[in-house]
Amino acid sequence: MDKIIIAIDGHSSCGKSTLAKGLASSLNYTYIDSGAMYRAVTLFFLRQEVKLEDEEQIRQALQHINIRFNAENRTILNGEDVENEIRKMEVSNFVSQVSAVPAVRRAMVRQQQAMGKDKGIVMDGRDIGTVVFPDAELKIFLTADPEKRAQRRFEELLGKGIKASIEEVRQNLSLRDHIDSTREDSPLRQAADATVIDNTHLNREEQLEYALELAHSAGAVSL
Ligand code: DC
């Protein structure tokens with residue numbers, strides 16, 4: 001086996017995308033940010049004022065949503081580059097509610113599974129090892145100390161020029177953790193066969209090195 005599927009799950013702002021991007025670039029794999037897909041749906045719902053209680057409106061809306069990633073891994077919603085928009089607090093504050101809607105999950109999971117059909121993919125999210133790719137050759141569950149996560153997300157937003165206070169970021173993370181872990185449809189949980197990495201005290205390089213060892217042991221061959 002040379003190409004495998006790598007599933008990375010964990011709470012918000014644990015550094016999943018940093019690790020996933022690092023692995024994808026080292027192995028020459030495709031990186032898919034499944035959270036960006038839920039964020040793009042959320043942006044569409046906000047713009048179109050879709051009511052979460054209205055199943056028919058949701059069904060219709062989902063038919064008009066096309067999400068893809070361009071060569072620079074930026075999120076494209078119906079032809080528009082929405083990468084910056086989907087990272088804003090307005091979207092962050094609503095995305096957990098939107099991604100708890102079963103019809104939304106069904107639509108996204110179907111697309112995610114299609115993206116992985118040829119393997120050679122690293123996907124990060126909340127239900128990748130449990131629901132999207134239960135047979136993934138490598139499953140990683142990332143965790144980190146909550147305060148460290150809030151600091152990292154705050155600095156990331158600052159770096160992108162997005163305004164938010166550290167307290168706002170803390171509250172958003174803790175609320176999303178709660179909703180993501182307690183929703184009925186595919187809640188965030190650790191797959192029984194996932195390897196846990198706590199990166200509170202690991203730097204990027206250490207984390208990547210360890211994950212690459214796991215990937216090679218799981219059968220990945222750098223292309
Ligand atoms: O990874 P992120 O923080 O950008 O994800 C945004 C939200 O999307 C997160 O709060 C929960 C939801 N999500 C999900 O329900 N399932 C996934 N596979 C990925 C994200």
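The residues of the chain are indexed from 1 along the displayed sequence. Atoms within each ligand, like the ligands themselves, are counted from 1 in listed order.
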Next item on the list: Pick whichever of Q97, R183, R126 has a heavy atom sitting closest to atom 1 (O) of ligand 1.
Entry: R126
Return the [atom1] to [atom2] distance between [X] and [Y], rounded to the nearest 0.5 Å.
{"X": "M108", "Y": "Q111", "atom1": "CE", "atom2": "CD", "value": "4.5 Å"}
{"X": "T195", "Y": "L138", "atom1": "OG1", "atom2": "CG", "value": "6.0 Å"}
{"X": "R105", "Y": "Q112", "atom1": "CZ", "atom2": "CD", "value": "8.0 Å"}

Next item on the list: Carefully, step by step, assess R59 and E56 under the rule salt bridge (charged side-chain N to carboxylate O under 4.0 Å, His left out).
Entry: CA-CA 5 Å; R59 201 184 60 78; E56 180 52 27; 2.9 Å; yes
[X] versus ligand 1: do any nitrogen or oxygen atoms come within less than 3.5 Å of each other?
{"X": "R105", "value": "yes"}
{"X": "D180", "value": "yes"}
{"X": "R39", "value": "yes"}

Next item on the list: Determine whether more than 12 heavy atoms belonging to other residues, nucleotides or ligands lie under 6.0 Å from atom NE2 of H216.
Entry: yes
Next item on the list: Taking atom CD of E209 as the centre, report whether more than 12 heavy atoms of other residues, nucleotides or ligands fall under 6.0 Å from it.
Entry: no
For [atom], what's the nearest protein heavy-atom neighbour? Residue, atom name and distance, please.
{"atom": "atom 20 (C) of ligand 1", "result": "G35 CA, 3.5 Å"}
{"atom": "atom 12 (C) of ligand 1", "result": "S99 OG, 3.4 Å"}
{"atom": "atom 19 (C) of ligand 1", "result": "S34 OG, 3.3 Å"}
{"atom": "atom 6 (C) of ligand 1", "result": "R176 NH1, 3.5 Å"}

Going by the order shown, which atoms of ligand 1 are within less than 4.0 Å of some heavy atom of [X]?
{"X": "I128", "value": "18 (N)"}
{"X": "D127", "value": "16 (N), 17 (C), 18 (N)"}
{"X": "G125", "value": "17 (C), 18 (N), 19 (C)"}
{"X": "S96", "value": "10 (O)"}

Margin query: Run K119 and E137 through salt bridge (charged side-chain N to carboxylate O under 4.0 Å, His left out) and show every step you take.
Written below: CA-CA 10 Å; K119 302 206 174 188; E137 288 81 1; 2.4 Å; yes
Margin query: So is M37 touching ligand 1 or not, going by heavy atoms under 4.0 Å?
Written below: no
Note to self: So is Q112 touching ligand 1 or not, going by heavy atoms under 4.0 Å?
What the structure shows: no
With the threshold set at 4.0 Å, does a side-chain nitrogen-carboxylate oxygen contact exist between [X] and [Y]?
{"X": "R47", "Y": "E80", "result": "yes"}
{"X": "E156", "Y": "R87", "result": "no"}
{"X": "D127", "Y": "R183", "result": "no"}

Next item on the list: Could you see which bit of M108 sits under 4.0 Å from ligand 1, with heavy atoms only: side chain, backbone, both or neither?
Entry: neither
